[in-house]
Amino acid sequence: MDDPNDFLRALFAKAVAVADPMAALPDALPPKPTGRLIVVGAGKASARMAEALEAAWGPCEGLVITRYGYERPCAGIRIASAAHPVPDAAGEAATLEMLELMRGLGADDTVICLISGGASSLLTAPVPGVTLDELQQVNADLLASGAPISAMNALRKHLCQAKGGQLAAAAYPAKVVSFLISDVPGDEPGMIGSGPTVGEPSDLDAALAAVAPFGVTLPAHVEAAARAHGGVVALDDARLSTTENVLFASPMQSLLAAKAMAEDAGCAVEILGDALEGEAREIAADHATLAKERAATAKEPLLLLSGGELTVTRRGDGVGGPNAEYAMALASALDGAAGIHALACDTDGVDGAAEVAGAVISPNTLKEAEARGVDVAEALAINDAHSFFAKLDTQVVPGPTLTNVNDFRAILITP
């Protein structure tokens, strides 16, 4: 801990490493099934999951969809690339191909489904009557609204042919085993990637009610198409009776790995939770208050860890994401408090839509910003967190991490 910046970055690297599918998936795999085997999936970690699966089982037939730049070499499984966080035509074409691949399977066949965060955008086939352009606009509105991921995904399910259990239903009566990396608060399988292999309890009215407080509505004809053609699968639908969902990597696993590393370095550790939700700047203000309270009485180094998925309500046209905005708001609220350093990063390496995981802050952050002519209040007003930290050279840019267990936040208090 001689260099708090390096220590915090090392903790983040550890949290990512334990969620790498190459390390985490093999122990979850059963023996390779006999008979015909199809591998499908979607998400920012799906190509890495496919690579790990073939490392254990050898070449397999199948198709997974990952984010541009997150491709991995596979011998048999085809890797398709598409856009995230707003879907594109490549994702739509690959999703329709995947649904076709699932049709006509028999009871002796097995489908392995690999799902991670990002699948909500990558696995995209609008219901009849809704165009891709219209679906893209809905996604953009949701992302800018500040709505929690649970509300966003609930609505997405009713506008797509593959979400809310529909991917698994397309394979019936084949056996489906879905391996999941959680990037959602609470690790609810139905919320991971909008639950393509999990039944959905909500109807469209409930989904619309969940996003209404955030100013999101559907055009009348889009809502009508969803009512007429939406096909989410009920929890007790017989087509899900041959489906099993297996969670093998989660935010808490990564927080515990960081905790163990910090304790080995002589830190006391307090985990604030792995499922925090809310407006990034508001959570940052709460954490700043807590950190200053802990600093006032700390006798030894103390690390405050948290995970979950924070949101940003767009107020301006800056470039940012929830982790960088949290870090910037935390620095503002701490106002140079001595002995408090912090890091906030998304474990997939992408905070918002930028190729930046997040940022680190120190007691000198605001002084350095002032010296470089950067105003933290102005940056917060227009959600320009990535530009703010780029000018300070304190961004965290790991590149594609090939996994996704959501936000990782660490506040280091040194007496």
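Not measured: the values here are computed from a predicted model.
In this structure, a donor-acceptor pair under 3.5 Å is absent between the side chains of T124 and E92. In summary, the side chains of D348 and T403 do not present any donor paired with an acceptor at a separation below 3.5 Å, with no hydrogens or angles considered. Between the side chains of T289 and D286, no donor-acceptor pair is found at a separation under 3.5 Å. Between the side chains of H287 and Y326, at least one donor-acceptor pair of N or O atoms lies under 3.5 Å. D141 and Q137 share a side-chain donor-acceptor pair at under 3.5 Å. Checked by atom type, the side-chain pair S202/E200 shows a donor-acceptor distance below 3.5 Å. Counted by atom type alone, S178 and E244 present zero donor-acceptor pairs between their side chains at under 3.5 Å.
One finds the NZ atom of K157 at 6.5 Å from the OG atom of S194 (value rounded to the nearest 0.5 Å). Expressed to the nearest 0.5 Å, how far CG of L392 lies from CE of M328 amounts to 10.5 Å. Rounding to the nearest 0.5 Å gives a distance of 10.0 Å between CD1 of I382 and CG of L380. Once rounded to the nearest 0.5 Å, the distance linking CG of L366 with CG of L334 reads 8.5 Å. To the nearest 0.5 angstrom, D203 atom CG is 6.5 Å from H158 atom NE2. The OG atom of S120 sits 10.5 Å away from atom CG of L142, with the distance rounded to the nearest 0.5 Å.
Judged purely by atom type and a 3.5 angstrom limit, D88 uses its side chain to pair as donor or acceptor with the backbone of G91. Using a distance-only test at 3.5 Å, with no hydrogens or angles considered, a donor-acceptor pair links the side chain of T66 to the main chain of G43. Remark: side-chain polar atoms of E325 are not paired, donor with acceptor, to backbone N or O of G320 under 3.5 angstrom. Formation of a donor-acceptor pair under 3.5 Å by the D346 side chain with backbone atoms of G349 is not found in this model. Checking side-chain atoms of S145 against main-chain N and O of V216 turns up no donor-acceptor pair under 3.5 Å. Using a distance-only test at 3.5 Å, with no hydrogens or angles considered, a donor-acceptor pair links the side chain of N383 to the main chain of G316. Side-chain N or O atoms of T311 include one that pairs as donor or acceptor with a backbone N or O of G278 at under 3.5 Å. With hydrogens and angles disregarded, a donor-acceptor distance shorter than 3.5 Å links the side chain of Q166 to the backbone of C160. A donor-acceptor contact shorter than 3.5 Å is absent between the side chain of D187 and the backbone of S182. Put simply, the side chain of T414 gets close to the backbone of G339: a donor and an acceptor are under 3.5 Å apart.
Using a 30° and 60° split on the angle between ring planes, F408 and F12 fall in the tilted class, from 30° to 60°.
The pair E270-R294 meets the salt-bridge criterion, with a side-chain N (NZ, NE, NH1 or NH2) lying under 4.0 Å from an Asp/Glu carboxylate O. Classification of E355 and R67 as a salt-bridged pair holds, one side-chain N sitting under 4.0 Å from a carboxylate O.
Side-chain contact between F179 and I115 is absent, with no heavy-atom pair separated by less than 4.5 Å. Looking only at side-chain heavy atoms (C-beta outward), I181 and P21 come within less than 4.5 Å of each other. With a 4.5 Å cut-off on side-chain heavy atoms, K163 and V232 do not count as touching. L343 has its side chain within reach of R9: a pair of non-hydrogen atoms, C-beta onward, lies under 4.5 Å apart. Side-chain contact between M49 and S116: present, with at least one pair of heavy atoms (C-beta onward) separated by less than 4.5 Å. Counting heavy atoms from C-beta outward, T365 and T394 have side chains that stay 4.5 Å or more apart. Between N139 and P87, some side-chain heavy-atom pair lies under the 4.5 Å cut-off. Counting only heavy atoms from C-beta outward, the side chains of L105 and T110 never approach each other to under 4.5 Å.
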Next on the checklist: Let's go through L303 and I411 carefully: what are the C-alpha distance in whole Å and the side-chain angles of both, what is the deciding distance for side chain to side chain contact (heavy atoms under 4.5 Å, CB included) to 0.1 Å, and is it a yes or a no?
Outcome noted: CA-CA 6 Å; L303 185 70; I411 300 174; 6.0 Å; no

Checklist entry - Can V356 and V350 be said to form a side chain to side chain contact (heavy atoms under 4.5 Å, CB included), step by step? => result CA-CA 5 Å; V356 178; V350 179; over 6 Å; no

Next on the checklist: I'd like to know whether I192 forms a side chain to side chain contact (heavy atoms under 4.5 Å, CB included) with N153, so could you lay out the CA-CA distance, the side-chain angles of the two residues, the decisive distance to 0.1 Å, and finally the verdict.
Outcome noted: CA-CA 9 Å; I192 301 169; N153 284 359; over 6 Å; no

Item to check | side-chain hydrogen bond (donor to acceptor under 3.5 Å, both in side chains) evaluation trace for N5 with S362 | outcome: CA-CA 8 Å; N5 184 317; S362 76; over 6 Å; no

Checklist entry - Where do E97 and R78 land on the side chain to side chain contact (heavy atoms under 4.5 Å, CB included) test, with the steps shown first? => result CA-CA 11 Å; E97 180 184 345; R78 187 170 85 80; 2.7 Å; yes

Next on the checklist: Between K175 and D109, does the salt bridge (charged side-chain N to carboxylate O under 4.0 Å, His left out) criterion hold? Intermediate values first, please.
Outcome noted: CA-CA 6 Å; K175 180 180 181 181; D109 300 326; over 6 Å; no

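Across all non-hydrogen atoms, the minimal contact from S306 to L276 is CB-CD2, 4.0 Å. Minimum heavy-atom separation, L412 to C267: CD1-SG, 3.9 Å. Smallest separation of non-hydrogen atoms from L143 and M152: N-SD, 4.0 Å. Q161 approaches P126 most closely through the heavy-atom pair NE2-O, 2.8 Å. Taking every heavy atom of both residues into account, R372 and K391 meet most closely at NH1-O, 2.7 Å. Here the closest non-hydrogen pair linking P148 and E277 is CB-OE2, 3.6 Å.
Pairs of residues two or more places apart, or lying in two chains, that qualify as salt bridge (charged side-chain N to carboxylate O under 4.0 Å, His left out) and include a residue from residues 395-415 are D407-R409.
At most 12 heavy atoms of other shown residues, nucleotides or ligands fall within 6.0 angstrom of atom CZ in R314. Around CD of E100, the count of heavy atoms belonging to other residues, nucleotides or ligands within 6.0 Å does not exceed 12. For CD of E370, the number of neighbouring non-hydrogen atoms (other residues, nucleotides, ligands) closer than 6.0 Å is 12 at most. Under a cut-off of 6.0 angstrom, the local environment of NZ in K14 is sparse, with at most 12 non-hydrogen atoms contributed by other residues, nucleotides or ligands.
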Can you give each donor-acceptor pair under 3.5 Å made by side-chain atoms of residues 220-231, sequence neighbours left out, with the distance rounded to 0.1 Å?
from, atom 1, to, atom 2, distance (Å)
H221, NE2, E134, OE2, 2.4
E223, OE2, R227, NE, 3.2
E223, OE2, R227, NH2, 2.9
R227, NH1, D205, OD1, 3.2
R227, NH2, D205, OD1, 2.6

